[in-house]
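Note that the structure is a prediction, hence the values are computed from the model and not measured. So that the names make sense, note that chain A is the first sequence line, chain B the second, and so on, each numbered from 1.
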Protein chains: 2
Amino acid sequence: MTLAQPEARPYHHGDLSRALVEAARRILETDGPAALSLRAVAREAGVSPAAPYHHFKDKGQLLDAVAHEGWVALDAALMKARQDSDDDRRRMTSLGVAYVTFARDNPALYRVMYDCSRDKDALPDQMKEEGAYCQVRNTIAHAAGDGVSEIDLELATIAAWCAGHGLAEMSGFKQFESLKALLGGEEAFLKAVFDHLGMFAKFDRG
Amino acid sequence: MTLAQPEARPYHHGDLSRALVEAARRILETDGPAALSLRAVAREAGVSPAAPYHHFKDKGQLLDAVAHEGWVALDAALMKARQDSDDDRRRMTSLGVAYVTFARDNPALYRVMYDCSRDKDALPDQMKEEGAYCQVRNTIAHAAGDGVSEIDLELATIAAWCAGHGLAEMSGFKQFESLKALLGGEEAFLKAVFDHLGMFAKFDRG
DNA sequence: CGATCCATCTGAACAACGCTTAGATAACAT
DNA sequence: ATGTTATCTAAGCGTTGTTCAGATGGATCG
């Protein structure tokens with residue numbers, strides 16, 4: 001894997017599409033979503049403004065690639081959170097906390113992920129197959145046991161996902177800062193809200 | 001394209017700031033958020049591209065004004081929903097449905113409302129005083145009775161708001177269309193998800 | 001009534017943007 | 001070696017947000 005070496009770049013870059021996505025993520029982290037222009041990405045990657053068009057149809061398609069990396073990273077974060085807990089309910093909560101934490105740690109990336117989804121009126125397909133959504137679904141299924149219908153399972157997953165996404169976008173507002181401080185930090189706040197959502201009310205009869 | 005009134009406008013418009021906000025909302029509804037440029041708004045209002053700068057510091061401030069109108073409209077929608085129900089729990093659900101319905105009926109406006117909030121890392125102040133947030137809070141307070149702490153009340157309101165916002169943004173994705181059809185339409189879907197969120201689990205001991 | 005002030009609006013300009021086109025360059029295949 | 005194809009550059013188009021000097025006209029005060 002040829003890493004981006006400072007070695008004077010040849011006329012043909014070698015792996016420009018990869019370099020462009022990385023440049024985009026770098027810009028996102030440092031300068032925010034507003035600074036993410038195609039020209040800035042090209043500049044950061046050290047190529048002409050027209051070069052990206054040989055690898056991506058337009059700006060949207062580059063953002064799609066960035067978003068895809070985001071979803072993969074989110075999958076990994078959720079997977080890790082799922083393995084760190086043993087109790088069913090605790091596992092569900094830590095899944096939610098991990099989700100929101102990811103969104104709060106990568107706000108620009110998270111925004112790109114959902115903006116891309118919104119433009120296509122659909123979440124990425126990969127999610128339904130083996131991605132983050134499926135992880136939540138499986139966790140709920142395991143917690144709920146056998147007696148739960150397919151529809152209820154789907155609804156519970158959607159409910160949990162909506163709660164996570166909503167909290168991910170809302171928890172950054174400074175109106176909630178005093179409450180966060182009162183509860184002892186961000187994570188305690190997240191747990192408290194998740195607790196009030198009572199996402200397990202439907203299945204929790206133990 | 002949509003021409004302004006042929007009535008020869010005087011050099012001084014009279015109430016341009018108002019006209020600009022209305023023009024912006026018109027563009028939002030018909031052509032979507034991507035078409036909402038300051039120049040397009042000026043064009044729609046029949047005025048030069050520089051004219052808006054005598055009424056708004058920059059594009060963001062015009063969007064703020066548009067967003068403000070959106071919050072006022074949302075307040076009204078929630079108020080109406082709150083009055084249409086008598087039972088506490090039913091009132092809460094219909095509040096949630098009204099919220100999501102507003103977002104789904106005015107997607108571009110709703111997006112502007114939250115984009116503006118995100119840029120300022122804060123929801124509009126008016127919300128805390130007498131706006132939509134307060135309505136949700138009061139509804140929950142009434143449903144929960146007297147024995148509920150201030151913190152729990154705040155947490156429950158945040159939880160409900162997060163759920164509403166999350167569902168508002170997620171319910172448009174086409175992955176959920178088959179489930180919506182299965183449940184008998186959008187509203188049934190919303191109610192089912194809210195039911196699974198069990199936002200009342202904490203207070204509903206009756 | 002007339003002169004003046006000042007908010008308002010225009011026209012022209014700037015830099016930056018997304019994107020296209022024509023042409024240069026390098027890798028690869030035959 | 002030759003031709004083909006993928007990749008990149010340079011230049012340019014139309015658009016955007018924003019600024020600025022100057023035109024306009026309603027309001028205020030003599």
Could you tell me whether a side-chain N or O of A:K180 sits under 3.5 Å from a main-chain N or O of A:S171, the two making a donor and an acceptor? yes
B:H54 atom NE2 is separated from D:dT18 atom P, nearest whole Å, by 14 Å
Residues passing the side chain to side chain donor-acceptor pair (under 3.5 Å) test with A:R118, sequence neighbours excluded, are A:D115, B:E169
Write down the distance between CG (B:D15) and C1' (C:dT8), rounded to a whole number of angstrom. 13 Å
For atom CG of B:D125, is the number of surrounding heavy atoms from other residues, nucleotides or ligands below 6.0 Å larger than 12? no
Please work out which of the three classes, parallel, tilted or perpendicular, describes the rings of A:Y99 and A:Y110, given edges at 30° and 60°. perpendicular
Between A:L74 and A:N106, is any pair of side-chain heavy atoms under 4.5 Å apart? no
Contacts of B:R82 meeting salt bridge (charged side-chain N to carboxylate O under 4.0 Å, His left out) (sequence neighbours excluded), chain-then-number -> none
Length of the line joining B:D31:CG and D:dT15:P, which is rounded to integer Å: 15 Å
Here the distance between atom P of D:dC20 and atom NZ of B:K57, to the nearest Å, is 14 Å
Whole-Å distance between D:dT18 C1' and B:Q61 CD? 14 Å
Between A:H55 and D:dA6, does any side-chain N or O lie under 4.0 Å from OP1 or OP2? no
Nucleotides 12-18 of chain C: protein proximity per nucleotide (B base, S sugar-phosphate only, - neither; heavy atom, under 4.0 Å): -B---BB
